[in-house]
Amino acid sequence: MKIRSAEFLISNTDHRKCPEAKFPEYAFIGRSNVGKSSLINMLCERKKLAKTSTTPGKTQLINHFLINEHIYLVDLPGYGFAKVSKKEREKWEKMIHTYLNQRPNLLYTFVLLDSRLPAQKIDLEFMAKLGKKGLPFVMLFTKIDKLSSSTLNKNLADYKKTMLKEWAELPPIITTSSESKIGKEDVWNLIEQTNRDYSISLH
Ligand code: GTP
Ligand code: MG
């Protein structure tokens with residue numbers, strides 16, 4: 001997709017203060033440091049649209065970006081950051097789950113998974129929660145520039161096998177590298193196809 005405009009709109013802790021739900025919305029979630037903000041920058045061809053950091057826990061709020069004046073991308077704070085107190089973790093869970101459950105225009109959640117690792121309990125649990133709520137999600141693997149294709153295939157196979165123990169079918173799977181700009185068109189194609197299906201279902 002050609003990026004004509006990409007702008008930051010607002011940061012929130014409260015889904016009720018998010019921008020008006022008038023465009024299709026896509027959220028990016030996953031462990032702290034997995035590469036959510038970097039991916040949004042890569043998708044939007046901007047270096048500093050979403051703030052990134054080598055230290056986990058950089059993104060703390062629900063951040064809305066408007067792309068080409070008709071798509072919202074949402075950068076969310078990560079989970080699984082060890083240095084977070086129980087109270088903070090509970091606050092995060094409430095904020096994220098309320099947002100995911102209440103946002104009427106949210107069409108897909110991209111769950112970012114570190115491609116260097118085999119299936120991780122924390123990510124499997126998060127996807128299980130989305131599944132139970134009936135929220136559609138994509139398994140998006142990040143940082144594939146950091147490993148060999150044989151290790152990547154091994155980790156993907158482990159995820160698929162583990163997911164198929166619980167699920168009848170797999171969600172869409174996309175492999176990416178923000179560093180090497182891999183996977184951009186796969187993400188946009190899925191978004192554009194979903195937008196088309198959504199607008200057909202409205203008519
Ligand atoms: P939080 O906001 O803290 O939850 O993190 P995040 O998931 O938004 O991660 P962020 O995009 O800030 O990236 C974390 C670190 O991973 C940074 O040092 C990035 O440069 C690095 N990184 C992100 N994507 C890639 C990638 O595709 N390849 C490589 N090699 N590094 C990456
Ligand atoms: Mg971030």
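Indexing begins at 1, ligand by ligand and atom by atom, following the structure's order.
For Ser38, a nitrogen or oxygen atom sits less than 3.5 Å from a nitrogen or oxygen atom of ligand 1, counting backbone and side chain alike. Some N or O of Lys143 is nearer than 3.5 Å to an N or O of ligand 1, by distance alone. Taking distance alone, with nitrogen or oxygen atoms compared against 3.5 Å, Val34 approaches ligand 1 more closely than that limit. At under 3.5 Å, not a single nitrogen or oxygen of Thr142, backbone or side chain, sits near a nitrogen or oxygen of ligand 1. Any N or O atom pair closer than 3.5 Å counts here, and Asn33 shares at least one such pair with ligand 1.
A donor-acceptor contact closer than 3.5 angstrom is absent between the side chains of Ser180 and Asp145. If you check the side chains of Ser115 and Asn155, you find no donor sitting under 3.5 Å from an acceptor. Residues Asp14 and Tyr99 have side chains that never bring a donor and an acceptor to within less than 3.5 angstrom of each other. No side-chain donor-acceptor contact under 3.5 Å links Gln193 and Asn189. Side-chain atoms of Asn195 and Tyr26 form a donor-acceptor pair, as typed in the model, at a separation below 3.5 Å.
Compare Gly35, Ser53, Pro56 by their heavy atoms: the one nearest to atom 12 (O) of ligand 1 is in Ser53.
The protein non-hydrogen atom at the shortest distance from atom 27 (O) of ligand 1 is Ser178 N, 2.7 Å. Here the protein heavy atom with the shortest distance to atom 2 (O) of ligand 1 is Thr59 OG1, 2.7 Å. Counting protein heavy atoms only, atom 31 (N) of ligand 1 is closest to Glu179 OE1, 4.0 Å. Scanning all protein heavy atoms for the shortest distance to atom 7 (O) of ligand 1 gives Lys36 NZ, 2.7 Å.
The contact set between ligand 1 and Gly78, taken as ligand atoms under 4.0 Å from a residue heavy atom, comprises 4 (O). Within ligand 1, counting atoms from 1 as listed, the ones closer than 4.0 Å to a heavy atom of Ser37 are 8 (O), 11 (O). Residue Ser177 has at least one heavy-atom neighbour below 4.0 Å for each of these atoms of ligand 1: 27 (O). Against a heavy-atom cut-off of under 4.0 Å, Asp145 is close to the following atoms of ligand 1: 26 (C), 27 (O), 28 (N), 29 (C), 30 (N).
Under the 4.0 Å criterion applied to side-chain N and carboxylate O atoms, Glu93 and Arg89 are not assigned as salt-bridge partners. Under the 4.0 Å criterion applied to side-chain N and carboxylate O atoms, Lys94 and Glu90 are not assigned as salt-bridge partners.
Within a radius of less than 2.8 Å around the Mg ion (ligand 2), the protein N, O or S atoms are Ser37 OG, Thr59 OG1.
Using the six-membered ring where Trp is involved, His97 and Phe126 have ring planes that are tilted, between 30° and 60° apart.
Applying the salt bridge (charged side-chain N to carboxylate O under 4.0 Å, His left out) test to every pair with at least one member in residues 25-46, sequence neighbours left out, gives these pairs: Glu25-Arg103, Glu45-Lys184.
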Original post:
What do the steps show when you test Glu192 against Arg196 for salt bridge (charged side-chain N to carboxylate O under 4.0 Å, His left out), and what is the final call?
Top reply: CA-CA 6 Å; Glu192 287 188 296; Arg196 279 195 291 274; 5.4 Å; no
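Results of the side chain to side chain contact (heavy atoms under 4.5 Å, CB included) test with Ile174 over Leu112, Thr142, Val138 single out Val138 as the only residue that passes.
Here CD1 of Ile182 is found 7.5 Å from OG1 of Thr175. Values are rounded to the nearest 0.5 Å.
Side-chain rings of Tyr72 and His64 approach one another, their centers coming within less than 6.0 Å.
Here Thr54 has heavy atoms under 4.0 Å from ligand 1 in both its backbone and its side chain.
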